[in-house]
Amino acid sequence: DAGVTQSPTHLIKTRGQQVTLRCSPKSGHDTVSWYQQALGQGPQFIFQYYEEEERQRGNFPDRFSGHQFPNYSSELNVNALLLGDSALYLCASYRLRLANSPLHFGNGTRLTVT
Amino acid sequence: GIQVEQSPPDLILQEGANSTLRCNFSDSVNNLQWFHQNPWGQLINLFYIPSGTKQNGRLSATTVATERYSLLYISSSQTTDSGVYFCAVEEGSGNTGKLIFGQGTTLQVKP
């Protein structure tokens, strides 16, 4: 039973560029959330996708956008990268309609913006 | 929004010692999870524990929802227990899946 998988594991980009990160949820899960974890901080919620639509959004600018595909996998896109976007990006999945469904996290993508 | 505070921020133990990590939260919650983040960044579920007590090997957790706190106990600590421990609570009613994380407790277990 595959858990949450993310790609790539590491990425280096230059300021102003755009980046796409990918996530496949755990088998049986239909909802994907994205989190940003800056160094020394706890993860912060970016947004959540269910039924291919953005369901909730945290306090992040429109430069951060996403998509969910019919197979429940998801992408996170960040445009016009800033140095402050350097962080570990974590994807989490769960089953929305199942009560007491804990979130499971992937190993993350470490993004460095130079 | 919900505030989550963890204590202590840092903890250094000798292998074999026991420890208690605390998580306070500012509002009633439907979901509380404890995670361990290893040095490679992997965030691992330890407990899903909105209330009551659970045990898994050397780890156990207790959440007293009415008093808005949760405790994580680590007994007979091992060097592999090192890393950051996060408490996270679910914001909103129902199964929102939006977790609010504390700042974490960084644990170092020395051999």
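The sequence lines fix the lettering, A, B, ..., with proteins before strands; numbering per chain opens at 1.
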By a 4.5 Å heavy-atom criterion (distance strictly below it), what part of [X] contacts chain B: side chain, backbone, both, or neither?
X: A/Gln44; answer: neither
X: A/Gln56; answer: side chain
X: A/Ser33; answer: side chain
X: A/Leu88; answer: side chain
X: A/Ser101; answer: both
X: A/Tyr35; answer: side chain
X: A/Leu98; answer: backbone
X: A/Arg55; answer: side chain

Flag side-chain contact, heavy atom, 4.5 Å: B/Phe86 against A/Gln37: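 Contact flag for B/Phe86/A/Gln37 side chains = yes.
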
Linking I/L/V/M/F/W/Y whenever any side-chain heavy atoms sit under 4.5 Å apart, do [X] and [Y] land together?
X: A/Tyr72; Y: A/Tyr94; value: no
X: A/Val4; Y: A/Phe105; value: no
X: A/Leu103; Y: B/Leu72; value: no
X: A/Tyr50; Y: A/Leu76; value: no
X: B/Leu99; Y: B/Ile2; value: no

Heavy atoms from other residues, nucleotides or ligands near CG of A/Leu83 exceed 12 (cutoff 6.0 Å):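 Yes - once you tally the heavy atoms of other residues, nucleotides and ligands closer than 6.0 Å, there are more than 12.
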
Over 12 foreign heavy atoms within 6.0 Å of CG, A/Asn59: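 Not more than 12 within 6.0 Å, no.
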
Best-contacting candidate, A/Gly58, A/Pro43, A/Ala92, against chain B by heavy atom pairs under 4.5 angstrom: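 Ranked by contacts with chain B, first place is A/Pro43.
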
All pairs passing ring pair (Phe, Tyr, Trp, His ring centres under 6.0 Å) where residues 54-79 of chain B contributes a residue, at least two apart: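 For residues 54-79 of chain B, and leaving out neighbouring residues, there are no ring pair (Phe, Tyr, Trp, His ring centres under 6.0 Å) pairs at all.
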
Determine which residues belonging to [range] lie within contact range of chain A, meaning some heavy atom pair is under 4.5 Å apart, and list them by number or answer 'none'.
range: residues 38-59 of chain B; answer: B/Trp40, B/Gly41, B/Gln42, B/Leu43, B/Asn45, B/Tyr48
range: residues 3-37 of chain B; answer: B/Gln33, B/Phe35, B/Gln37
range: residues 101-111 of chain B; answer: B/Phe101, B/Gly102, B/Gln103

